[in-house]
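These notes are about the structure you will find just below.
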Protein chains: 2
Amino acid sequence: MSDTPESGTRSRTRRAILGAAASVLARDRGATLADIAEAAQVGRSTLHRYFPDRKVLVDAAVADSFRVVERSTAEAAIDQGPPLEAMRRLIAAMVDVGDRLAFLFGDPRVLEEAGCSEPDPFEPDPSVPTTIGLIERGQAEGVFDPELGAEWIQQVLWALVYTGWEAAEKGQLPRHGVTSTVIRTFENGVVTRKR
Amino acid sequence: MSDTPESGTRSRTRRAILGAAASVLARDRGATLADIAEAAQVGRSTLHRYFPDRKVLVDAAVADSFRVVERSTAEAAIDQGPPLEAMRRLIAAMVDVGDRLAFLFGDPRVLEEAGCSEPDPFEPDPSVPTTIGLIERGQAEGVFDPELGAEWIQQVLWALVYTGWEAAEKGQLPRHGVTSTVIRTFENGVVTRKR
DNA sequence: TGTTTTTGAGACACCGAAGTCTCATTATGG
DNA sequence: CCATAATGAGACTTCGGTGTCTCAAAAACA
(Lines give C-alpha, C1' and ligand atoms only; values in the text may rest on other atoms or scores of the structure.)
Protein backbone atom coordinates (compact mmCIF):
# COMPACT_ATOMS: atom_id res chain seq x y z
CA MET A 1 0.00 0.00 0.00
CA SER A 2 3.04 2.24 0.39
CA ASP A 3 3.32 3.33 -3.20
CA THR A 4 6.30 5.53 -3.73
CA PRO A 5 5.03 8.57 -5.63
CA GLU A 6 7.15 7.58 -8.65
CA SER A 7 9.77 9.91 -10.05
CA GLY A 8 8.82 12.65 -12.49
CA THR A 9 10.79 10.98 -15.25
CA ARG A 10 9.06 7.67 -14.75
CA SER A 11 5.55 9.03 -14.71
CA ARG A 12 6.32 11.04 -17.81
CA THR A 13 7.59 7.95 -19.59
CA ARG A 14 4.60 5.96 -18.41
CA ARG A 15 2.19 8.56 -19.76
CA ALA A 16 4.02 8.68 -23.07
CA ILE A 17 3.68 4.94 -23.45
CA LEU A 18 0.02 4.92 -22.51
CA GLY A 19 -0.75 7.74 -24.89
CA ALA A 20 1.14 6.10 -27.72
CA ALA A 21 -0.58 2.80 -27.05
CA ALA A 22 -4.02 4.37 -27.28
CA SER A 23 -3.13 6.35 -30.36
CA VAL A 24 -1.49 3.50 -32.24
CA LEU A 25 -4.04 0.87 -31.26
CA ALA A 26 -6.88 3.22 -32.19
CA ARG A 27 -5.60 3.24 -35.75
CA ASP A 28 -4.53 -0.37 -35.87
CA ARG A 29 -5.46 -3.05 -33.45
CA GLY A 30 -2.98 -5.82 -33.77
CA ALA A 31 -0.22 -3.26 -33.85
CA THR A 32 3.03 -4.60 -32.47
CA LEU A 33 4.52 -3.72 -29.12
CA ALA A 34 7.49 -2.53 -31.13
CA ASP A 35 5.18 -0.17 -33.01
CA ILE A 36 3.89 1.26 -29.77
CA ALA A 37 7.34 1.62 -28.30
CA GLU A 38 8.48 3.43 -31.42
CA ALA A 39 5.50 5.78 -31.33
CA ALA A 40 6.26 6.50 -27.70
CA GLN A 41 9.88 7.15 -28.66
CA VAL A 42 10.96 4.53 -26.22
CA GLY A 43 12.94 1.34 -26.43
CA ARG A 44 11.03 -1.93 -26.45
CA SER A 45 12.92 -2.90 -23.30
CA THR A 46 11.64 0.18 -21.53
CA LEU A 47 8.10 -0.57 -22.53
CA HIS A 48 8.39 -4.05 -21.07
CA ARG A 49 9.95 -2.56 -17.99
CA TYR A 50 6.81 -0.53 -17.34
CA PHE A 51 4.29 -3.07 -18.59
CA PRO A 52 5.34 -6.70 -18.22
CA ASP A 53 3.13 -8.03 -20.95
CA ARG A 54 0.70 -6.93 -23.60
CA LYS A 55 -2.40 -7.52 -21.53
CA VAL A 56 -1.16 -5.35 -18.71
CA LEU A 57 -0.34 -2.59 -21.16
CA VAL A 58 -3.68 -2.67 -22.92
CA ASP A 59 -5.56 -2.80 -19.64
CA ALA A 60 -3.63 0.18 -18.37
CA ALA A 61 -4.18 2.05 -21.62
CA VAL A 62 -7.91 1.37 -21.41
CA ALA A 63 -8.06 2.59 -17.85
CA ASP A 64 -5.99 5.63 -18.72
CA SER A 65 -8.11 6.51 -21.73
CA PHE A 66 -11.16 6.12 -19.58
CA ARG A 67 -9.77 8.65 -17.18
CA VAL A 68 -8.95 11.06 -20.00
CA VAL A 69 -12.41 10.73 -21.52
CA GLU A 70 -13.96 11.03 -18.11
CA ARG A 71 -12.07 14.21 -17.33
CA SER A 72 -13.06 15.72 -20.62
CA THR A 73 -16.71 14.79 -20.37
CA ALA A 74 -16.90 15.80 -16.73
CA GLU A 75 -16.12 19.35 -17.77
CA ALA A 76 -19.17 19.24 -20.00
CA ALA A 77 -21.33 19.17 -16.87
CA ILE A 78 -24.00 17.19 -18.64
CA ASP A 79 -26.32 17.30 -15.66
CA GLN A 80 -26.58 21.05 -15.96
CA GLY A 81 -28.85 23.13 -18.17
CA PRO A 82 -31.10 22.10 -21.04
CA PRO A 83 -30.45 18.58 -22.36
CA LEU A 84 -29.82 19.81 -25.87
CA GLU A 85 -27.14 22.21 -24.74
CA ALA A 86 -25.64 19.62 -22.44
CA MET A 87 -25.52 17.11 -25.27
CA ARG A 88 -23.75 19.60 -27.50
CA ARG A 89 -21.14 20.18 -24.84
CA LEU A 90 -20.77 16.45 -24.41
CA ILE A 91 -20.26 15.90 -28.11
CA ALA A 92 -17.66 18.65 -28.23
CA ALA A 93 -15.88 17.07 -25.29
CA MET A 94 -15.96 13.66 -26.91
CA VAL A 95 -14.61 14.94 -30.20
CA ASP A 96 -11.79 16.59 -28.31
CA VAL A 97 -10.59 13.22 -27.08
CA GLY A 98 -11.47 11.47 -30.31
CA ASP A 99 -8.41 9.27 -30.51
CA ARG A 100 -8.86 7.98 -26.98
CA LEU A 101 -12.49 7.33 -27.73
CA ALA A 102 -11.63 5.57 -30.96
CA PHE A 103 -9.25 3.37 -29.04
CA LEU A 104 -11.84 2.48 -26.43
CA PHE A 105 -14.43 2.05 -29.16
CA GLY A 106 -12.25 -0.47 -30.91
CA ASP A 107 -11.56 -2.56 -27.85
CA PRO A 108 -13.82 -5.60 -27.73
CA ARG A 109 -14.09 -5.66 -23.95
CA VAL A 110 -15.00 -2.01 -23.60
CA LEU A 111 -17.32 -2.20 -26.55
CA GLU A 112 -19.48 -4.66 -24.65
CA GLU A 113 -21.09 -2.42 -22.13
CA ALA A 114 -20.48 1.25 -22.57
CA GLY A 115 -21.42 3.62 -19.83
CA CYS A 116 -19.55 6.68 -20.99
CA SER A 117 -18.98 8.59 -17.81
CA GLU A 118 -18.45 5.75 -15.44
CA PRO A 119 -15.30 3.74 -14.87
CA ASP A 120 -15.98 0.56 -16.82
CA PRO A 121 -18.30 -2.26 -15.76
CA PHE A 122 -17.85 -1.13 -12.19
CA GLU A 123 -20.97 -0.32 -10.31
CA PRO A 124 -22.20 3.06 -11.50
CA ASP A 125 -21.49 5.91 -9.16
CA PRO A 126 -24.80 7.76 -8.73
CA SER A 127 -22.93 11.00 -8.13
CA VAL A 128 -21.35 10.90 -11.58
CA PRO A 129 -23.80 11.94 -14.31
CA THR A 130 -24.01 9.37 -17.08
CA THR A 131 -24.67 9.73 -20.75
CA ILE A 132 -27.65 7.48 -20.40
CA GLY A 133 -28.90 9.74 -17.65
CA LEU A 134 -28.65 12.76 -19.88
CA ILE A 135 -30.45 10.98 -22.68
CA GLU A 136 -33.25 9.85 -20.42
CA ARG A 137 -33.58 13.32 -19.01
CA GLY A 138 -33.84 14.66 -22.52
CA GLN A 139 -36.46 12.08 -23.40
CA ALA A 140 -38.44 12.91 -20.29
CA GLU A 141 -38.44 16.55 -21.29
CA GLY A 142 -39.52 15.63 -24.79
CA VAL A 143 -36.33 16.82 -26.43
CA PHE A 144 -35.00 13.46 -27.51
CA ASP A 145 -37.07 10.96 -29.45
CA PRO A 146 -38.82 8.85 -26.80
CA GLU A 147 -39.49 6.07 -29.27
CA LEU A 148 -35.80 5.29 -29.48
CA GLY A 149 -34.15 3.31 -26.72
CA ALA A 150 -31.73 5.28 -24.57
CA GLU A 151 -28.98 2.72 -25.20
CA TRP A 152 -29.56 3.00 -28.91
CA ILE A 153 -29.20 6.75 -28.78
CA GLN A 154 -26.00 6.32 -26.85
CA GLN A 155 -24.68 3.90 -29.44
CA VAL A 156 -25.54 6.38 -32.16
CA LEU A 157 -23.74 9.09 -30.26
CA TRP A 158 -20.59 7.00 -30.06
CA ALA A 159 -20.87 5.91 -33.65
CA LEU A 160 -21.24 9.44 -34.96
CA VAL A 161 -18.38 10.81 -32.91
CA TYR A 162 -16.23 7.92 -34.05
CA THR A 163 -17.24 8.46 -37.65
CA GLY A 164 -16.43 12.14 -37.34
CA TRP A 165 -13.03 11.40 -35.86
CA GLU A 166 -12.35 8.90 -38.59
CA ALA A 167 -13.39 11.32 -41.31
CA ALA A 168 -11.07 13.95 -39.90
CA GLU A 169 -8.35 11.33 -39.64
CA LYS A 170 -8.70 10.62 -43.34
CA GLY A 171 -8.85 14.29 -44.17
CA GLN A 172 -12.39 14.01 -45.46
CA LEU A 173 -13.59 16.50 -42.90
CA PRO A 174 -11.74 19.53 -41.52
CA ARG A 175 -10.83 19.14 -37.86
CA HIS A 176 -12.68 22.26 -36.85
CA GLY A 177 -15.87 21.16 -38.57
CA VAL A 178 -16.21 17.78 -36.92
CA THR A 179 -18.06 18.86 -33.82
CA SER A 180 -20.69 20.94 -35.58
CA THR A 181 -21.21 18.31 -38.25
CA VAL A 182 -21.65 15.57 -35.69
CA ILE A 183 -24.03 17.68 -33.63
CA ARG A 184 -26.08 18.61 -36.67
CA THR A 185 -26.32 15.04 -37.83
CA PHE A 186 -27.00 13.69 -34.39
CA GLU A 187 -29.82 16.11 -33.80
CA ASN A 188 -31.50 16.27 -37.17
CA GLY A 189 -30.36 13.29 -39.14
CA VAL A 190 -29.76 13.93 -42.80
CA VAL A 191 -33.22 14.86 -43.97
CA THR A 192 -34.13 18.46 -44.57
CA ARG A 193 -37.07 19.53 -42.46
CA LYS A 194 -39.16 22.61 -42.23
CA ARG A 195 -38.40 24.36 -38.96
CA MET B 1 -8.35 -17.92 -69.69
CA SER B 2 -9.69 -21.43 -69.92
CA ASP B 3 -11.10 -21.72 -66.45
CA THR B 4 -12.66 -25.08 -65.88
CA PRO B 5 -16.16 -24.34 -64.55
CA GLU B 6 -15.26 -25.98 -61.21
CA SER B 7 -17.28 -28.87 -59.86
CA GLY B 8 -20.44 -28.25 -57.86
CA THR B 9 -18.82 -29.62 -54.75
CA ARG B 10 -15.83 -27.33 -55.03
CA SER B 11 -17.78 -24.18 -55.57
CA ARG B 12 -20.01 -25.06 -52.66
CA THR B 13 -17.02 -25.56 -50.41
CA ARG B 14 -15.46 -22.37 -51.66
CA ARG B 15 -18.60 -20.41 -50.87
CA ALA B 16 -18.83 -21.96 -47.42
CA ILE B 17 -15.30 -20.85 -46.65
CA LEU B 18 -15.80 -17.35 -47.97
CA GLY B 19 -19.02 -16.96 -46.03
CA ALA B 20 -17.45 -18.26 -42.84
CA ALA B 21 -14.46 -15.99 -43.31
CA ALA B 22 -16.63 -12.90 -43.63
CA SER B 23 -18.80 -13.91 -40.70
CA VAL B 24 -15.97 -14.81 -38.36
CA LEU B 25 -13.75 -11.89 -39.29
CA ALA B 26 -16.66 -9.48 -38.93
CA ARG B 27 -16.88 -10.43 -35.27
CA ASP B 28 -13.19 -10.80 -34.65
CA ARG B 29 -10.42 -9.60 -36.88
CA GLY B 30 -7.34 -11.47 -35.97
CA ALA B 31 -9.35 -14.64 -35.87
CA THR B 32 -7.31 -17.70 -36.72
CA LEU B 33 -7.47 -19.58 -40.00
CA ALA B 34 -8.35 -22.55 -37.83
CA ASP B 35 -11.31 -20.58 -36.49
CA ILE B 36 -12.51 -19.85 -39.98
CA ALA B 37 -12.04 -23.42 -41.12
CA GLU B 38 -14.03 -24.61 -38.13
CA ALA B 39 -16.82 -22.15 -38.80
CA ALA B 40 -16.92 -23.34 -42.40
CA GLN B 41 -17.03 -26.93 -41.15
CA VAL B 42 -13.95 -27.67 -43.14
CA GLY B 43 -10.51 -28.97 -42.34
CA ARG B 44 -7.69 -26.50 -42.13
CA SER B 45 -5.99 -28.41 -44.94
CA THR B 46 -8.98 -27.86 -47.17
CA LEU B 47 -8.99 -24.19 -46.47
CA HIS B 48 -5.35 -23.93 -47.47
CA ARG B 49 -6.12 -25.99 -50.53
CA TYR B 50 -8.57 -23.34 -51.73
CA PHE B 51 -6.73 -20.29 -50.45
CA PRO B 52 -2.93 -20.65 -50.28
CA ASP B 53 -2.41 -18.00 -47.65
CA ARG B 54 -4.30 -15.62 -45.43
CA LYS B 55 -3.99 -12.64 -47.71
CA VAL B 56 -5.51 -14.49 -50.64
CA LEU B 57 -8.38 -15.64 -48.46
CA VAL B 58 -9.14 -12.22 -47.07
CA ASP B 59 -8.92 -10.62 -50.49
CA ALA B 60 -11.31 -13.20 -51.87
CA ALA B 61 -13.65 -12.75 -48.95
CA VAL B 62 -13.66 -9.01 -49.46
CA ALA B 63 -14.40 -9.38 -53.14
CA ASP B 64 -17.10 -11.93 -52.40
CA SER B 65 -18.74 -9.79 -49.75
CA PHE B 66 -18.65 -6.91 -52.16
CA ARG B 67 -20.55 -8.98 -54.66
CA VAL B 68 -23.10 -10.02 -52.06
CA VAL B 69 -23.64 -6.45 -50.88
CA GLU B 70 -23.77 -5.29 -54.46
CA ARG B 71 -26.40 -7.86 -55.35
CA SER B 72 -28.50 -6.91 -52.38
CA THR B 73 -28.25 -3.20 -52.95
CA ALA B 74 -28.82 -3.54 -56.66
CA GLU B 75 -32.25 -4.95 -55.92
CA ALA B 76 -33.02 -1.75 -54.05
CA ALA B 77 -32.97 0.07 -57.39
CA ILE B 78 -31.76 3.22 -55.75
CA ASP B 79 -31.95 5.21 -58.95
CA GLN B 80 -35.70 4.74 -59.08
CA GLY B 81 -38.39 6.74 -57.35
CA PRO B 82 -38.16 9.41 -54.67
CA PRO B 83 -34.78 9.60 -52.94
CA LEU B 84 -36.26 9.08 -49.52
CA GLU B 85 -37.99 5.87 -50.57
CA ALA B 86 -34.90 4.71 -52.40
CA MET B 87 -32.78 5.35 -49.35
CA ARG B 88 -35.14 3.36 -47.21
CA ARG B 89 -34.91 0.43 -49.59
CA LEU B 90 -31.14 0.78 -49.59
CA ILE B 91 -30.97 0.74 -45.81
CA ALA B 92 -33.18 -2.34 -45.67
CA ALA B 93 -30.96 -4.03 -48.21
CA MET B 94 -27.83 -3.13 -46.28
CA VAL B 95 -29.23 -4.39 -43.01
CA ASP B 96 -30.09 -7.65 -44.74
CA VAL B 97 -26.43 -8.24 -45.45
CA GLY B 98 -25.30 -6.77 -42.18
CA ASP B 99 -22.60 -9.29 -41.41
CA ARG B 100 -21.00 -8.90 -44.81
CA LEU B 101 -21.14 -5.17 -44.38
CA ALA B 102 -19.67 -5.38 -40.92
CA PHE B 103 -16.83 -7.44 -42.32
CA LEU B 104 -16.12 -4.94 -45.07
CA PHE B 105 -16.55 -2.08 -42.64
CA GLY B 106 -13.93 -3.56 -40.38
CA ASP B 107 -11.36 -4.11 -43.09
CA PRO B 108 -8.80 -1.31 -43.12
CA ARG B 109 -8.31 -1.36 -46.89
CA VAL B 110 -11.99 -1.25 -47.75
CA LEU B 111 -12.63 1.34 -45.09
CA GLU B 112 -10.37 3.74 -46.95
CA GLU B 113 -12.53 4.66 -49.86
CA ALA B 114 -16.04 3.35 -49.80
CA GLY B 115 -18.12 3.52 -52.90
CA CYS B 116 -20.90 1.21 -51.89
CA SER B 117 -22.28 -0.02 -55.16
CA GLU B 118 -19.11 -0.11 -57.14
CA PRO B 119 -16.50 -2.82 -57.13
CA ASP B 120 -13.80 -1.33 -54.93
CA PRO B 121 -11.35 1.37 -55.96
CA PHE B 122 -11.92 0.33 -59.54
CA GLU B 123 -13.10 3.00 -61.87
CA PRO B 124 -16.79 3.61 -61.16
CA ASP B 125 -19.14 2.09 -63.67
CA PRO B 126 -21.51 4.90 -64.68
CA SER B 127 -24.24 2.37 -65.37
CA VAL B 128 -24.26 1.24 -61.74
CA PRO B 129 -26.09 3.65 -59.47
CA THR B 130 -23.95 4.66 -56.50
CA THR B 131 -24.90 5.55 -52.98
CA ILE B 132 -23.21 8.89 -53.44
CA GLY B 133 -25.31 9.39 -56.55
CA LEU B 134 -28.47 8.75 -54.60
CA ILE B 135 -27.41 11.13 -51.87
CA GLU B 136 -26.56 13.86 -54.32
CA ARG B 137 -29.83 13.37 -56.10
CA GLY B 138 -31.61 13.69 -52.78
CA GLN B 139 -29.68 16.83 -51.97
CA ALA B 140 -30.50 18.31 -55.36
CA GLU B 141 -34.16 17.67 -54.73
CA GLY B 142 -33.88 19.26 -51.31
CA VAL B 143 -34.65 16.07 -49.44
CA PHE B 144 -31.23 15.54 -47.87
CA ASP B 145 -29.42 18.25 -45.98
CA PRO B 146 -27.37 20.11 -48.58
CA GLU B 147 -25.07 21.53 -45.96
CA LEU B 148 -23.67 18.11 -45.22
CA GLY B 149 -21.10 16.61 -47.56
CA ALA B 150 -22.32 13.65 -49.59
CA GLU B 151 -19.39 11.54 -48.39
CA TRP B 152 -20.21 12.43 -44.82
CA ILE B 153 -23.79 11.31 -45.28
CA GLN B 154 -22.54 8.08 -46.78
CA GLN B 155 -20.26 7.51 -43.83
CA VAL B 156 -23.15 8.14 -41.49
CA LEU B 157 -25.23 5.66 -43.42
CA TRP B 158 -22.59 2.97 -43.03
CA ALA B 159 -22.01 3.81 -39.41
CA LEU B 160 -25.68 3.60 -38.50
CA VAL B 161 -26.24 0.35 -40.34
CA TYR B 162 -23.16 -1.07 -38.67
CA THR B 163 -24.30 0.15 -35.28
CA GLY B 164 -27.69 -1.38 -35.85
CA TRP B 165 -26.18 -4.69 -36.84
CA GLU B 166 -23.94 -4.62 -33.81
CA ALA B 167 -26.82 -3.80 -31.48
CA ALA B 168 -28.79 -6.74 -32.87
CA GLU B 169 -25.70 -8.89 -32.54
CA LYS B 170 -25.50 -8.06 -28.87
CA GLY B 171 -29.21 -8.55 -28.41
CA GLN B 172 -29.76 -4.91 -27.55
CA LEU B 173 -32.09 -4.49 -30.47
CA PRO B 174 -34.53 -7.03 -31.89
CA ARG B 175 -33.55 -8.17 -35.38
CA HIS B 176 -36.83 -7.07 -36.88
CA GLY B 177 -36.53 -3.59 -35.45
CA VAL B 178 -33.11 -2.77 -36.79
CA THR B 179 -34.15 -1.47 -40.19
CA SER B 180 -36.85 0.87 -38.97
CA THR B 181 -34.72 2.16 -36.13
CA VAL B 182 -31.82 2.88 -38.43
CA ILE B 183 -34.08 4.58 -40.95
CA ARG B 184 -35.72 6.70 -38.30
CA THR B 185 -32.41 7.73 -36.81
CA PHE B 186 -30.82 8.34 -40.17
CA GLU B 187 -33.63 10.55 -41.32
CA ASN B 188 -34.50 12.49 -38.20
CA GLY B 189 -31.63 12.16 -35.82
CA VAL B 190 -32.56 11.82 -32.20
CA VAL B 191 -34.24 15.14 -31.56
CA THR B 192 -37.99 15.39 -31.43
CA ARG B 193 -39.30 17.88 -33.97
CA LYS B 194 -42.67 19.27 -34.74
CA ARG B 195 -43.77 17.95 -38.08
C1' DT C 1 31.42 16.19 -10.09
C1' DG C 2 30.08 11.85 -8.48
C1' DT C 3 26.31 8.81 -7.72
C1' DT C 4 22.08 6.82 -8.80
C1' DT C 5 18.39 6.28 -11.92
C1' DT C 6 16.74 5.35 -16.31
C1' DT C 7 17.37 3.97 -20.63
C1' DG C 8 18.39 1.49 -25.33
C1' DA C 9 20.40 -2.03 -27.95
C1' DG C 10 20.96 -6.53 -28.64
C1' DA C 11 20.99 -11.63 -27.76
C1' DC C 12 18.10 -15.36 -26.64
C1' DA C 13 14.37 -18.76 -25.82
C1' DC C 14 9.47 -19.43 -26.39
C1' DC C 15 5.19 -19.90 -28.42
C1' DG C 16 1.37 -19.81 -31.44
C1' DA C 17 -0.19 -19.25 -36.05
C1' DA C 18 0.87 -19.94 -40.87
C1' DG C 19 2.01 -22.66 -44.49
C1' DT C 20 3.55 -27.38 -46.61
C1' DC C 21 3.12 -32.13 -47.21
C1' DT C 22 1.59 -37.06 -46.86
C1' DC C 23 -1.66 -40.57 -46.60
C1' DA C 24 -5.71 -42.86 -45.43
C1' DT C 25 -10.76 -42.13 -45.75
C1' DT C 26 -14.90 -40.56 -47.66
C1' DA C 27 -17.93 -38.64 -51.31
C1' DT C 28 -19.17 -38.10 -56.16
C1' DG C 29 -20.33 -39.28 -60.56
C1' DG C 30 -20.14 -42.20 -64.64
C1' DC D 1 -19.51 -50.74 -58.60
C1' DC D 2 -15.34 -48.64 -59.76
C1' DA D 3 -12.40 -44.68 -60.76
C1' DT D 4 -11.57 -40.29 -59.46
C1' DA D 5 -12.26 -36.23 -56.95
C1' DA D 6 -12.32 -34.19 -52.49
C1' DT D 7 -11.54 -34.18 -47.81
C1' DG D 8 -9.59 -34.46 -42.92
C1' DA D 9 -6.18 -35.51 -39.67
C1' DG D 10 -1.82 -35.02 -38.40
C1' DA D 11 3.35 -34.30 -38.68
C1' DC D 12 6.53 -30.91 -39.72
C1' DT D 13 8.95 -26.39 -40.74
C1' DT D 14 8.97 -21.50 -40.83
C1' DC D 15 8.26 -17.10 -39.08
C1' DG D 16 7.17 -13.16 -36.37
C1' DG D 17 5.79 -11.29 -32.06
C1' DT D 18 6.50 -11.77 -27.13
C1' DG D 19 8.81 -11.89 -23.00
C1' DT D 20 13.49 -12.17 -20.39
C1' DC D 21 17.98 -10.84 -19.53
C1' DT D 22 22.56 -8.43 -19.68
C1' DC D 23 25.41 -4.57 -20.06
C1' DA D 24 27.07 -0.30 -21.36
C1' DA D 25 25.60 4.52 -22.27
C1' DA D 26 22.96 8.47 -21.14
C1' DA D 27 20.27 11.29 -18.16
C1' DA D 28 18.77 13.02 -13.73
C1' DC D 29 19.92 14.55 -9.41
C1' DA D 30 22.34 15.94 -5.21
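Keep in mind that the numbers below use all heavy atoms, side chains included, and drop hydrogens, waters and symmetry copies.
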Check: What does B/Phe51 touch in the nucleic acid at a heavy-atom separation under 4.0 angstrom: a base, only the sugar-phosphate, or nothing?
Finding: nothing
Margin query: Any base atoms under 4.0 Å from A/Arg49, or only sugar-phosphate, or nothing? Heavy atoms, all strands.
Written below: base
Note to self: Can you measure B/Glu38 atom CD to C/dA17 atom C1' for me and round it to whole angstrom units?
What the structure shows: 15 Å
Notebook entry, point to check: Any side-chain N or O of A/Thr46 under 4.0 Å from OP1/OP2 of C/dT6?
Noted result: no
Check: How many angstroms lie between CG in A/Leu33 and NE2 in A/His48, if you round to the nearest 0.5 Å?
Finding: 5.5 Å
Next item on the list: Check the distance between C/dA17's P and B/Arg29's CZ and give it to me in whole angstrom.
Entry: 19 Å
Notebook entry, point to check: B/His48 side chain: which of D/dT20, C/dT7, C/dA18 is closest?
Noted result: C/dA18
Notebook entry, point to check: In Å, rounded to the nearest 0.5 Å, how long is the span from CD of B/Glu136 to CD1 of B/Ile153?
Noted result: 9.5 Å
Notebook entry, point to check: When we call it a touch if two heavy atoms are under 4.0 Å apart, what does B/Ser45 touch: a base, just sugar-phosphate, or nothing?
Noted result: base
Next item on the list: Send over the distance from A/Arg14 CZ to C/dT7 C1', rounded to a whole Å.
Entry: 15 Å
Margin query: Rounded to whole Å, how long is the line connecting atom CD of B/Gln41 with atom P of D/dG8?
Written below: 10 Å
Item checked: Spacing of B/Lys55 atom NZ relative to C/dA18 atom C1', expressed in whole Å -> 16 Å
Check: Any Lys/Arg nitrogen of A/Asp64 or A/Arg15 sitting under 4.0 Å from an Asp/Glu carboxylate oxygen of the other?
Finding: no
Next item on the list: Examine C/dT5: is either OP1 or OP2 under 4.0 Å from a nitrogen or oxygen in the side chain of A/Arg10? Give yes or no.
Entry: no
Checklist line | Nearest-nucleotide 5' precedence on DNA chain D, A/Arg54 against B/Tyr50 | finding: B/Tyr50
Check: Are B/Arg89 and B/Glu85 within salt-bridge range, i.e. N to O under 4.0 Å?
Finding: no
Item checked: Expected output: side-chain B/Glu187 to main-chain A/Val190 donor-acceptor under 3.5 Å -> no
Next item on the list: Could you check B/Ala31 against B/Arg12 and say which one's nearest nucleotide on DNA chain C is further toward the 5' end?
Entry: B/Ala31
Check: Taking the nucleotide of DNA chain C with the closest heavy atom to each, which residue, B/Thr9 or B/Asp53, is nearer the 5' end?
Finding: B/Asp53
Notebook entry, point to check: Hey, does B/Arg44 reach any base, or is it just sugar-phosphate, or nothing, if we go heavy atoms under 4.0 Å?
Noted result: base
